[in-house]
Amino acid sequence: MRLLYVEDNERLAQNTCASLESNDFVVDWVATGADAVHSARSYSYDAIILDLGLPDMDGLSVLDGIKQANADTPVIICTARDALDERVKGLNAGSDDYLVKPFDSSELIARIRAVLRRPGGALGLKLNLGNIRFDTNDRSVEIAGQPARFSRRELDLLEVFMRRKGRILSKDSIENALYGFDAPPTPNAIEVAIHRLRKKLQDLGAASTVHTLRGIGYLMEDDGQ
């Protein structure tokens, strides 16, 4: 899942991004309110982490701009403003959670997963397609009741398809879900990744596969249907 992290403290941002990425999130980091609003309007995010003390804009104004761009994207405020009235303002302004600095990255990750598990959120506890079971809590996969091992990129791609089962996905939409704007994919990376995932699913006896619809995109469905 792809996150937008808005934080002007470079050292904190680098450490937090490293923790998030080690927990299988794709992270775009920006340091200003203007870049945050622009990114929210330009890309699709599963959640946004927002500092209020930004150098160019008030954080609550940034929150308003983000919500205008996509009202359904959950926003977690992470700030040093710990007064009760500040927390109330942030929650009343539309944030989904409020975390006071300093914080442990494990708590932030737990809060991200909590908001993504809410109704309408991106994080379902268990995904099912044919004989494939994907537990998004520990990112484990079973095929026909047997544990199945995948590389991190294969897991990321499988999760994208299983969350959108039965829907045609364009190459651009897959790239948007898997890669941050600071780490764009190499040429043919999506095609190679899909080829490897398709072969792995076939070798493991999956009843579902990824179909290529030339000139349109890709579709994963239960071949038994």
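Computed from a predicted structure; not experimentally measured. Numbers for residues simply follow the sequence, beginning at 1.
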Engineer: Roughly how far, to the nearest 0.5 Å, is the CG atom of Leu157 from the CD1 atom of Ile190?
Structural biologist: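 Spacing of CD1 (Ile190) from CG (Leu157) equals 7.0 Å.
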
Engineer: Please determine if Glu7 and Lys101 form a salt bridge, counting it only when a charged side-chain N lies under 4.0 Å from a carboxylate O.
Structural biologist: yes

Engineer: Taking the side chain as everything from C-beta on, heavy atoms only, tell me whether Leu108 gets closer than 4.5 Å to Ile49.
Structural biologist: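 Result yes, sub-4.5 Å side-chain heavy-atom pair found.
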
Engineer: For the CG atom of Leu3 and the CD atom of Glu21, what is their distance to the nearest 0.5 Å?
Structural biologist: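 Result: 9.5 Å between the selected atoms.
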
Engineer: Can you check whether Leu158 reaches Leu127 side chain to side chain, under 4.5 Å on heavy atoms?
Structural biologist: no

Engineer: Kindly confirm or rule out a cation-pi arrangement of Arg2 over Phe25, judged by NZ or CZ under 6.0 Å from the six-membered ring centre and within 45° of its axis?
Structural biologist: no

Engineer: Check step by step if side chain to side chain contact (heavy atoms under 4.5 Å, CB included) holds for Val210 and Leu219.
Structural biologist: CA-CA 6 Å; Val210 180; Leu219 171 68; over 6 Å; no

Engineer: Treating Arg133 as the side-chain partner and Glu142 as the backbone partner, does any N or O pair qualify as donor plus acceptor under 3.5 Å?
Structural biologist: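 Such a contact is absent between Arg133 side chain and Glu142 backbone.
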
Engineer: If we only count heavy atoms from C-beta on, is the Leu201 to Met220 side-chain gap below 4.5 Å?
Structural biologist: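 Side-chain contact under 4.5 Å: yes.
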
Engineer: Is the backbone of Leu54 close enough, under 3.5 Å, to the side chain of Asp8 for a donor and an acceptor to pair up by distance?
Structural biologist: no

Engineer: Other residues, nucleotides and ligands only: do more than 12 of their heavy atoms fall within 6.0 Å of NE2 on His195?
Structural biologist: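 Counting other residues, nucleotides and ligands, NE2 of His195 stays at 12 neighbours or fewer.
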
Engineer: Between the main-chain N or O of Asp51 and the side-chain N or O of Thr79, is there a donor-acceptor pair closer than 3.5 Å?
Structural biologist: no

Engineer: May I ask you to test the Glu159-Phe150 pair for a side-chain heavy-atom distance under 4.5 Å?
Structural biologist: no

Engineer: Give a yes or no on this: more than 12 heavy atoms of other residues, nucleotides or ligands lie within 6.0 Å of atom CZ of Arg87.
Structural biologist: yes

Engineer: How long is the gap from CG on Leu197 to OG1 on Thr209, to the nearest 0.5 Å?
Structural biologist: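 One gets 8.0 Å once the value is rounded to the nearest 0.5 Å.
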
Engineer: Mind checking whether Phe103 and Leu116 sit in one hydrophobic cluster, side chains of I, L, V, M, F, W, Y counted as touching below 4.5 Å?
Structural biologist: yes

Engineer: I'd like to know if Ile48 and Val100 are part of one continuous hydrophobic network [Ile/Leu/Val/Met/Phe/Trp/Tyr, side-chain heavy atoms within less than 4.5 Å].
Structural biologist: yes

Engineer: Among Asn176, Thr73, Asp28, Asn70, exactly one meets side-chain hydrogen bond (donor to acceptor under 3.5 Å, both in side chains) together with Tyr45. Which residue is that?
Structural biologist: Asp28

Engineer: Between Lys200 and Glu154, is the closest basic N to carboxylate O distance under 4.0 Å?
Structural biologist: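 Here Glu154 pairs with Lys200 in a salt bridge, since their nearest N and O are under 4.0 Å apart.
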
Engineer: Looking at Asp104 and Arg111, does any basic side-chain N land under 4.0 Å from a carboxylate oxygen?
Structural biologist: no

Engineer: Quick one: are Phe134 and Leu155 in side-chain contact, heavy atoms under 4.5 Å?
Structural biologist: yes

Engineer: A side-chain contact here means heavy atoms from C-beta on lying under 4.5 Å apart; do Glu10 and Gln14 qualify?
Structural biologist: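 Heavy-atom side-chain distance check passes, below 4.5 Å.
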
Engineer: Asn23 side chain to Ser19 main-chain N or O, any donor-acceptor pair under 3.5 Å?
Structural biologist: yes

Engineer: Within the 4.5 Å heavy-atom criterion, are Ile174 and Phe161 side-chain neighbours or not?
Structural biologist: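 Heavy-atom side-chain distance check passes, below 4.5 Å.
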
Engineer: Using atom types as modelled and distance alone, determine if a side-chain donor or acceptor of Ser173 lies under 3.5 Å from a backbone N or O of Leu169.
Structural biologist: no

Engineer: Please determine if Arg153 forms a cation-pi arrangement with Tyr179, meaning its NZ or CZ atom is less than 6.0 Å from the six-membered ring centre and no more than 45° off the ring axis.
Structural biologist: yes

Engineer: Quick one: does any side-chain atom of Ser61 pair with a main-chain N or O of Met57 as donor and acceptor, under 3.5 Å?
Structural biologist: no

Engineer: Keeping Thr16 on the side-chain end and Ala13 on the backbone end, is there a donor-acceptor pair under 3.5 Å?
Structural biologist: no

Engineer: Under 3.5 Å, is there a donor-acceptor pair between the side chain of Asn9 and the main chain of Leu12?
Structural biologist: yes

Engineer: Keeping the roles fixed (side chain from Asp24, backbone from Arg152), state whether a donor-acceptor pair exists under 3.5 Å.
Structural biologist: no

Engineer: Nearest 0.5 Å, what's the CG-CG distance between Asp96 and Leu91?
Structural biologist: 9.0 Å

Engineer: Any ion pair linking Asp135 and Arg139 (charged N to carboxylate O, less than 4.0 Å)?
Structural biologist: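 Salt bridge between Arg139 and Asp135, a charged N being under 4.0 Å from a carboxylate O: no.
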
Engineer: Is there a donor-acceptor pair closer than 3.5 Å between any side-chain N or O of Asp72 and the backbone N or O of Lys67?
Structural biologist: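 No; zero donor-acceptor contacts below 3.5 Å.
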
Engineer: Are Asp58 and Arg81 within salt-bridge range, i.e. N to O under 4.0 Å?
Structural biologist: yes

Engineer: Report the distance from atom CG of Leu52 to atom CD1 of Ile77, rounding to the nearest 0.5 Å.
Structural biologist: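 Taking CG in Leu52 and CD1 in Ile77, the distance rounds to 4.5 Å.
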
Engineer: Hey, are the side chains of Leu50 and Leu63 touching, using non-hydrogen atoms and a 4.5 Å cut-off?
Structural biologist: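 Yes; the side chains approach each other to less than 4.5 Å.
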
Engineer: With a sphere of 6.0 Å drawn around CD of Glu107, does it hold more than 12 non-hydrogen atoms of other residues, nucleotides or ligands?
Structural biologist: yes

